[in-house]
2 protein chains.
Amino acid sequence: MSLRHALLGLLSERPASGYDLLKLFETSLANAWPATQSQIYTELTKLAATGLVTVSAEGPRGRKEYTLTPEGLAELRHWLTETKPQRNSRSETLLRVFFLGVLTPDQARDYLTEIAERADKGYQGLRLLEESVDWTDDELSVYGRIALEYGLRFHTMHREWAEWASDQIS
Amino acid sequence: MSLRHALLGLLSERPASGYDLLKLFETSLANAWPATQSQIYTELTKLAATGLVTVSAEGPRGRKEYTLTPEGLAELRHWLTETKPQRNSRSETLLRVFFLGVLTPDQARDYLTEIAERADKGYQGLRLLEESVDWTDDELSVYGRIALEYGLRFHTMHREWAEWASDQIS
DNA sequence: AGATACATGTAACATGTTACATGATTTA
DNA sequence: TAAATCATGTAACATGTTACATGTATCT
């Protein structure tokens with residue numbers, strides 16, 4: 001139930017509407033746990049029904065602002081400390097590598113070269129994001145910065161690996 | 001539809017039963033695209049119904065051996081060359097990092113230390129796998145070796161990042 | 001003879017994606 | 001006033017997980 005906890009986590013920072021949370025998913029969480037508009041609104045309704053969040057205000061255009069309850073915060077802490085990430089991460093990019101033998105060496109190299117290029121673009125994108133953020137010294141910045149560093153290292157590793165792999169194909 | 005193509009890919013190497021494929025998922029594809037027994041049998045039935053594979057032999061205990069058809073191979077090649085991996089990979093491990101601010105610094109450090117330890121175990125596991133495989137010079141070994149190298153680099157990056165991150169928490 | 005491995009299939013449920021449906025407010 | 005953005009909700013479908021259900025062959 002990661003989506004549920006992603007929402008609780010975002011709401012632990014400040015109250016927000018479904019629409020606000022959707023934007024937060026698109027920006028900060030997109031690379032860790034993408035979610036659709038449909039999923040977010042549905043899950044918020046369930047969270048409110050179970051008392052982990054409450055509708056703390058209503059605004060124009062039917063806007064509903066959700067606030068984390070003490071029970072919601074407890075659940076978030078419980079998830080972080082008492083449970084372990086279990087899902088193996090899936091990578092369609094890596095899956096394809098297993099089967100490159102059915103292509104010609106040129107086609108396989110093209111595939112790997114494109115991975116390297118996409119990794120480089122991803123890296124540059126995160127660099128721009130890094131520059132645009134005001135990295136103050138608060139808690140949020142510390143962990144946001146750590147997550148960003150993960151992305152930078154991930155893309156670097158990807159690029160270097162794809163370049164190396166491309167060279168392996170003779 | 002990655003599961004479908006993962007099955008076609010494995011069958012491009014040699015004919016296999018659902019049970020054989022299940023074992024192949026557990027060993028070679030586990031880290032790229034995990035699949036359950038239930039999923040595999042269901043998808044094989046669908047693949048046979050659409051003619052991308054055929055039941056080429058039946059053995060003891062109701063064993064059905066599936067073989068890739070020319071149409072299946074064409075579909076596999078089409079997937080590899082004409083479509084792009086789209087799904088963003090999800091990482092519950094990374095997702096949690098965003099919310100470590102709700103824990104005490106000690107708890108956050110523990111979380112990151114455990115990631116480093118798990119990454120190291122994963123690395124060691126792949127090293128053992130590497131040693132146990134007979135790396136001949138055929139195509140399959142080349143791409144299997146490239147996928148394995150991905151895993152080794154991935155775990156190394158994970159460990160180094162988690163160690164670095166742990167040090168960031170003062 | 002009993003345990004383990006081989007072997008398949010389905011049902012119920014959880015999660016995730018795409019498309020549809022509607023409307024209010026702000027900005028150019 | 002037209003376009004863009006804000007704002008929510010649901011239905012249909014695809015994918016993935018867990019549990020149940022059954023039986024055969026091999027190995028110790």
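When reading the values below, keep in mind they use all heavy atoms of this one structure, side chains included, and skip hydrogens, waters and symmetry mates. Letters go in sequence order (proteins before strands), and every chain restarts at 1.
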Of all the choices, [options], which nucleotide is nearest to the side chain of [X] once you look at every atom?
X        : options                   : result
Arg61(A) : dC6(C), dG9(D), dT25(C)   : dT25(C)
Ser38(B) : dT17(C), dT10(D), dT18(D) : dT18(D)
Met1(B)  : dT8(C), dT15(D), dT10(D)  : dT15(D)
Gln37(A) : dG16(C), dT18(D), dA19(C) : dA19(C)

Whole-Å gap separating [atom2] ([N]) and [atom1] ([X]):
X        : N       : atom1 : atom2 : value
Leu47(B) : dT15(D) : CG    : P     : 12 Å
Asp20(B) : dA7(C)  : CG    : C1'   : 10 Å
Glu92(B) : dG16(C) : CD    : P     : 10 Å
Lys46(A) : dT10(D) : NZ    : P     : 12 Å
Glu43(B) : dT8(C)  : CD    : C1'   : 16 Å
Leu22(B) : dA5(C)  : CG    : P     : 14 Å
Glu58(A) : dT25(C) : CD    : C1'   : 17 Å
Tyr66(B) : dG9(C)  : OH    : C1'   : 10 Å

| query | Is there a donor in the side chain of Gln124(A) and an acceptor in the side chain of His155(A), or the other way round, less than 3.5 Å apart? | reply | no
| Going by atom types only, do Ser17(B) and Glu65(B) share a side-chain donor-acceptor pair under 3.5 Å? | no
| request: Check every strand shown and say whether Thr42(B) touches a base, only sugar-phosphate, or nothing at a heavy-atom separation below 4.0 Å. | output: base
| What is the nucleic acid contact for Arg4(B), judged by heavy atoms within less than 4.0 Å: base, sugar-phosphate only, or nothing? | nothing
Taking OP1 and OP2 of [N], is either one under 4.0 Å from a side-chain nitrogen or oxygen of [X]?
X        : N       : answer
Tyr41(B) : dG9(C)  : no
Lys23(B) : dA7(C)  : no
Arg63(A) : dA7(D)  : yes
Gln39(B) : dT17(D) : yes

| Can you tell me how far CE of Met1(B) sits from CD of Glu43(B), rounded to the nearest 0.5 angstrom? | 6.0 Å
| task | State the CG-CG distance between Leu95(A) and Asn31(B), to the nearest 0.5 angstrom. | result | 12.0 Å
| request: Give a yes or no on whether a salt bridge exists between Asp20(A) and Lys64(A), defined as a side-chain N under 4.0 angstrom from a carboxylate O. | output: no
| Nearest nucleotide by nearest heavy atom, which residue falls closer to the 5' end of DNA chain C, Thr45(B) or Arg90(B)? | Thr45(B)
| said: Return whichever of Pro60(A) or Thr36(A) has its heavy-atom-nearest nucleotide of DNA chain C closer to the 5' end. | reply: Thr36(A)
